[in-house]
Structures are given as C-alpha cells and as structure tokens.
Amino acid sequence: MAVNAAPSGETPPGRLAGRWVPWLVIGLWVALAAVMVPLSGKLSSVTTDRAVDTLPATAESTKVAVLEDSLPGGEDNTFVFVYHRAGGMTDADRATVERHYNTLAKRYPPKVAAPAGEDDEGPPTRPSTDGQAMMFTLDVSTTNGAPEAIVGPLRDAAKDRPAARCCGSSRWWPWARPH
C-alpha cells in the first residue's frame, strides 16, 4: 500500500493553505468592519421607524398621525397659576391676579398672536365656581429657557399679594407649574 505523504514542511495536495490563511480571513473581516461601521450610522437617516409608514393611507391611525404632524407643538411651555383664599377671593385679590397676569404676559409675550376674528376664549383669568380661587395660564416660548429655569422668575413676579383678611386661615399661593 502506498502512502501519499508530502515531505515535511509542504502542504499536502488538495489542501488550500497553511498557517497564514486564518490570519488572512481575520484581516479581511477587520477591514470589512472598518469600512462598514462608519456607514451604518448613515443608515438611520434613510430608514423610518414610525408605525404609520407601514399602515395604509386610509387607516384611521394614519389620518390621525398626519393631523398630529400638522399641529404646532414643542414651541411653548404652558404654566398654570392658581390663587386660593379659603374665605373667598376679594376685589383686591382679583385685581392682584389681573396685575400678575398682565405683568407676566408683557414679560413673556406669546410667540404667535391669535388670528383676528376668531372667537375669544374669554378673560385670561378665571375664577372658580365657588369664588375661592382664580387661575390663569401662561404660554412661555421655549426660547426663554427650560421650564425648570423659568419657574423661579415666574414665582418671583407673582409673589406680592394683598394682606390676609382678619381672623381665619388664608392661603394665597401663586403656583406656577409647567403643564
């Protein structure tokens, strides 16, 4: 019986390579990764991950998403101011609330004015049905800063208040809270 053995140090016939082939394969993978990894970041700019992109145009979810995209948003922070007096708001209290609103509305004017001819929402300050509280909302543009940075100056502008009525608990808190 004949043995087909290659002399030592030589690759047997039918065998592709020696020790350098695994290093060549590893080198090719590293080179391929070096080229592809920077390109993978650009993939996100051409893909869409919204569910409405896969839904038919007649689906209600798609119609809502289209309407939602057309709405303004993210441009204003809405702050709610609430004033409360347990015995009921006095005329001085109401005047103070009006003054606070006017001062703050001048300091933080709305970015977009309401179109002319539209129905007015009513007075900016609104009393509660029981007369013990008043409130108003203030839309402040995000160009004035983050809500956390604006709350302090808003509270400072609304901290003056009429003297408490005699004899009784009085809470007079202008709360400014982002909504």
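Note that the coordinates shown come from a computational prediction; the quantities given were computed from them, not determined experimentally.
Side chains of Val30 and Leu28 form no contact here, defined as non-hydrogen atoms less than 4.5 Å apart. In this structure the side chain of Met135 reaches within 4.5 angstrom of the side chain of Val80, judged on heavy atoms.
Taking the six-membered ring where the residue is Trp, the centroids of Phe136 and His100 are separated by 6.0 Å or more.
Distance check: Leu104 CG to Arg99 CZ gives 10.5 Å after rounding to the nearest 0.5 Å. The CZ atom of Arg155 lies 10.0 Å from the CZ atom of Phe79; values are rounded to the nearest 0.5 Å. One finds the CE atom of Met134 at 9.5 Å from the CZ atom of Arg126 (value rounded to the nearest 0.5 Å). Rounded to the nearest 0.5 Å, atoms CZ (Arg94) and CZ (Arg85) are 10.5 Å apart.
Applying the side chain to side chain contact (heavy atoms under 4.5 Å, CB included) test to Ser61 and every residue at least two apart in sequence or in another chain returns Leu55.
Tyr108 and Leu154 get closest at one heavy-atom pair: CE1-CD2, 3.4 Å. The shortest non-hydrogen separation linking Lys63 to Thr58 is CE-O, 3.6 Å. Contact detail for Pro38 and Ala33: the closest heavy-atom pair is CD-O, 4.4 Å. Here the shortest heavy-atom pairing between Val97 and Met89 reads CG2-CE, 4.1 Å.
A donor-acceptor pair is defined here as one N or O able to donate and one able to accept, closer than 3.5 Å; no such pair exists between the side chain of Ser141 and the backbone of Asn144. Using a distance-only test at 3.5 Å, with no hydrogens or angles considered, a donor-acceptor pair links the side chain of Ser128 to the main chain of Ala133.
With 3.5 Å as the limit, one finds a donor-acceptor pair spanning the side chains of Asp93 and Thr90.
Two different hydrophobic clusters hold Met36 and Ile26 under the rule that ILVMFWY side chains link at heavy-atom gaps under 4.5 Å.
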